[in-house]
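Basis for what follows: all heavy atoms, side chains included, without hydrogens, waters or symmetry-related copies.
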Amino acid sequence: MSVKSIAAKIFAQIVHAQTQKWAQQPEQTQQKVFKQLIAAARATTFGQDHLFDQIKTYEDFAQQVPVRDYEALRPYIDQTVLGKSNITWPGKPLYYAKTSGTTSGAKYIPISKESMPFHIEAARNAILAYIHQTGKADFVNGKMIFLQGSPTLEDKNGVQLGRLSGIVAHYVPKYLQKNRLPSLETNCIEDWETKVDAIVEETIYEDMAVISGIPSWVQMYFERLQQKAQKPVGELFKNFNLFIYGGVNYEPYRAKFENLIGRKVDSIELFPASEGFFAYQDSQTEPGLLLLLNSGIFYEFIKTDEFFAENPRRYTIGEVELGVNYVLIISTNAGLWAYNIGDTVMFVSKKPYRLVVTGRIKHFISAFGEHVIGKEVETALQLATANSGVRINEFTVAPQISPQNGLPYHEWLIEFEEEPTNLSELSEQLDFFMRQQNVYYDDLIAGKVLRPLVITPVKKGGFQQYMKSIGKLGGQNKIPRLSNDRTIADALLKIENYD
């Protein structure tokens, strides 16, 4: 065992002990974070507008500060972007993370000198948690690849601007630099397909040990590796045994990945966003991701079925229940306050607090009152294809409200590695597992308001072609698992029919 491996194990033990300290005192930890945030922002424009000097308790805060999304907070953020100081957080941001907005073009998410270290520490601690639990540390000596956005940054009124993954690329520790691929030159390539081809050229003869990225785009990298080498990825990279991912659920991709690799590999799931690093997988045996309660973020939760009510109740960490779907609300040391990031979560443990990401509050199907969420369609697909040999490349679900014949239905647009010989059997299985999970959907099928779901196969590469057509191929971009309208579905069908 190398010196680096031994050091990693010792460091993992230290970080584990530190994590246990705050994880075993969740409410006290969050209360401490809350007080620090309020005190730090008291003299800012936002703090003065919302009477932070009068806030003594969480109840005061909930009364003074309404829940907002980006559009509602935008008047304050726009002032910051124009170069003003002390608007929502003391001073100016260290960076802006640029993300795609659905209603207003680009969004500029502030990252402060106080919040930036937590983005880095959380990713590091996720790996250390894996080392502590499994005892596996040899991979720290191997080559590592992080499929991410370009590290090239722009200037925005004196503040550096870029994609989060590109910003984070500037903080890779020196002891990992010589093991890290791709090169800076390749990482700066903007066109995703050109970049993936360049990464393949750089890595195909290297023995990669750790690979990290969003599953859909890592899959594209693996496919091109296999196509060029004419052998499984696991034969190319004999020491590849750890996949680190975030952004989407890995389970729908797992069978395809294992086929591309040629064997199973361990994985670590992360829950990062431009707004903060919220959770990571701290256990290889227990479900869920450890919610980071000590990372400069104060969390609130609103039940999804109450979210669109006029005055929904806001819950703190000590009030959440297991098995309930919540909208995640955050206040951060980068100056976001009672901010709705759009993600929905469900707690699976309270000792410690672990959660699963269930989807997006805007990504659902309820065209008929069925309230279907992302976690339900992912779980149904996982159960329906388990042990069947069916491998899924990508999928999305949309309602078909006005079919030419018969009752409305949910249409599942699925890109298969190889189309199953019996689609109707798979459809029946999917529908069965959907009805098991969602009582509203079950009632609509039983009451003949909806007919059972329909699978529409999408040609190979169809999803990538669609993402390219809207300028979102690669990087941090993801296909929504489900939509309440047919924008994505109809665009995919046009691509299918046009070709």
Side-chain angles (χ1 to χ4, degrees), residues 102 216 252 255-256 305 308 359-386 388-470 478-499:
T102 54
S216 50
K256 176 68 186 292
D305 57 7
F308 293 105
R360 301 275 295 168
I361 191 62
K362 290 182 179 178
H363 295 167
F364 61 90
I365 298 179
S366 198
F368 309 93
E370 58 271 49
H371 308 296
V372 171
I373 62 173
K375 182 176 182 293
E376 291 168 347
V377 297
E378 289 178 337
T379 299
L381 189 62
Q382 181 185 345
L383 293 171
T385 57
S388 68
V390 173
R391 296 193 294 274
I392 307 297
N393 290 343
E394 195 57 272
F395 78 99
T396 192
V397 187
Q400 178 51 272
I401 299 172
S402 305
Q404 291 184 346
N405 299 299
L407 295 171
Y409 55 88
H410 286 184
E411 183 174 20
W412 289 58
L413 294 101
I414 303 178
E415 182 183 323
F416 296 98
E417 176 63 17
E418 291 182 13
E419 189 175 321
T421 53
N422 195 335
L423 269 183
S424 61
E425 183 179 326
L426 179 58
S427 300
E428 288 172 9
Q429 284 289 303
L430 271 175
D431 208 67
F432 171 77
F433 289 118
M434 280 302 304
R435 293 180 71 172
Q436 275 199 329
Q437 292 182 90
N438 188 307
V439 66
Y440 304 109
Y441 180 75
D442 183 51
D443 287 344
L444 290 167
I445 298 291
K448 300 197 183 308
V449 176
L450 294 178
R451 67 178 166 113
L453 64 86
V454 173
I455 294 176
T456 300
V458 174
K459 68 169 189 177
K460 269 196 178 183
F463 280 91
Q464 288 182 13
Q465 195 173 338
Y466 164 70
M467 293 296 277
K468 188 175 182 179
S469 73
I470 62 172
K478 307 174 284 284
I479 284 275
R481 284 290 177 243
L482 67 177
S483 311
N484 205 37
D485 59 44
R486 293 194 56 79
T487 303
I488 296 173
D490 289 344
L492 283 166
L493 292 174
K494 278 183 184 176
I495 289 172
E496 189 78 15
N497 293 332
Y498 182 77
D499 289 352

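No donor-acceptor pair under 3.5 Å is formed between the side chain of Asn393 and the backbone N or O of Lys460. Checking side-chain atoms of Ser483 against main-chain N and O of Ala398 turns up no donor-acceptor pair under 3.5 Å. In this structure, Glu415 contributes its side chain and Gly461 its backbone to a donor-acceptor pair below 3.5 Å.
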Walk me through whether Ile361 and Phe308 qualify under side chain to side chain contact (heavy atoms under 4.5 Å, CB included). CA-CA 10 Å; Ile361 191 62; Phe308 293 105; 3.9 Å; yes

Under the criterion side chain to side chain contact (heavy atoms under 4.5 Å, CB included), I'd like the reasoning laid out for Val458 against Thr456: C-alpha separation, chi angles, the key distance, then a yes or no. CA-CA 6 Å; Val458 174; Thr456 300; 5.5 Å; no

Could you walk me through whether Phe416 and Leu423 pass the side chain to side chain contact (heavy atoms under 4.5 Å, CB included) check? CA-CA 11 Å; Phe416 296 98; Leu423 269 183; 3.9 Å; yes

Audit row: Leu450, Leu407, side chain to side chain contact (heavy atoms under 4.5 Å, CB included) steps and yes/no: CA-CA 6 Å; Leu450 294 178; Leu407 295 171; 6.0 Å; no

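Qualifying side chain to side chain donor-acceptor pair (under 3.5 Å) partners for Asp485, counting only residues two or more places apart in sequence or in other chains: Thr487. Under the side chain to side chain donor-acceptor pair (under 3.5 Å) criterion, Lys375 pairs with no residue at all, not counting sequence neighbours. Partners of Ser424 under the side chain to side chain donor-acceptor pair (under 3.5 Å) rule, at least two apart in sequence or in another chain, are Asn422. A search for salt bridge (charged side-chain N to carboxylate O under 4.0 Å, His left out) contacts involving Arg486 returns Glu411, Asp490, not counting sequence neighbours. Asp442 meets the side chain to side chain donor-acceptor pair (under 3.5 Å) test with Arg435; sequence neighbours excluded. Every residue meeting the side chain to side chain contact (heavy atoms under 4.5 Å, CB included) condition with Ser427, not counting sequence neighbours, appears here in chain and number order: Leu453, Ile455. Tyr440 pairs by the ring-ring contact (aromatic ring centres under 6.0 Å, His included) definition with His371, not counting sequence neighbours. Applying the ring-ring contact (aromatic ring centres under 6.0 Å, His included) criterion to Tyr441, with sequence neighbours excluded, gives His410. Remark: Asp305 pairs with no residue by the salt bridge (charged side-chain N to carboxylate O under 4.0 Å, His left out) rule, at least two apart or across chains. Partners of Glu428 by side chain to side chain contact (heavy atoms under 4.5 Å, CB included), not counting sequence neighbours: none found.
Of all heavy-atom pairs spanning Leu492 and Gly462, the tightest one is CD2-O, 3.8 Å. Across all their heavy atoms, Pro480 and Thr396 have their closest contact at O-OG1, 2.7 Å. Scanning all heavy atoms of the two residues, the minimum distance from Pro452 to Tyr409 falls at O-CB, 3.9 Å. Residues Pro408 and Phe368 share a closest heavy-atom pair of CB-CZ, 3.4 Å. Counting all heavy atoms, side chain and backbone alike, Leu482 lies closest to Val372 at CD1-O, 3.5 Å.
For the salt bridge (Lys or Arg N to Asp or Glu O under 4.0 Å) condition, no pair includes a residue of residues 443-455, sequence neighbours left out. Listed by first then second residue, pairs satisfying salt bridge (Lys or Arg N to Asp or Glu O under 4.0 Å) with a partner in residues 390-400 read Glu394-Arg481, not counting sequence neighbours.
Between the CG atom of Leu413 and the OH atom of Tyr466 there is a distance of 11.5 Å, given to the nearest 0.5 Å. Here CD of Glu370 is found 6.0 Å from CG of Leu444. Values are rounded to the nearest 0.5 Å. Here NZ of Lys256 is found 3.5 Å from CD of Glu417. Values are rounded to the nearest 0.5 Å. Here Ser388 contributes atom OG and Gln429 contributes atom CD; the two are 9.0 Å apart, rounded to the nearest 0.5 Å. In this structure, CD1 on Ile479 lies 8.5 Å from OG on Ser216, to the nearest 0.5 angstrom. Annotation: the span from Leu426 atom CG to Asp431 atom CG amounts to 11.0 Å, rounded to 0.5 Å.
In Gln436, the CD atom is crowded: over 12 heavy atoms of neighbouring residues, nucleotides or ligands sit closer than 6.0 Å.
Counting heavy atoms from C-beta on, the side chains of Phe432 and Leu383 never come closer than 4.5 Å. For the pair Thr379/Gln437, a side-chain contact is recorded, criterion being any heavy-atom separation below 4.5 Å from C-beta on.
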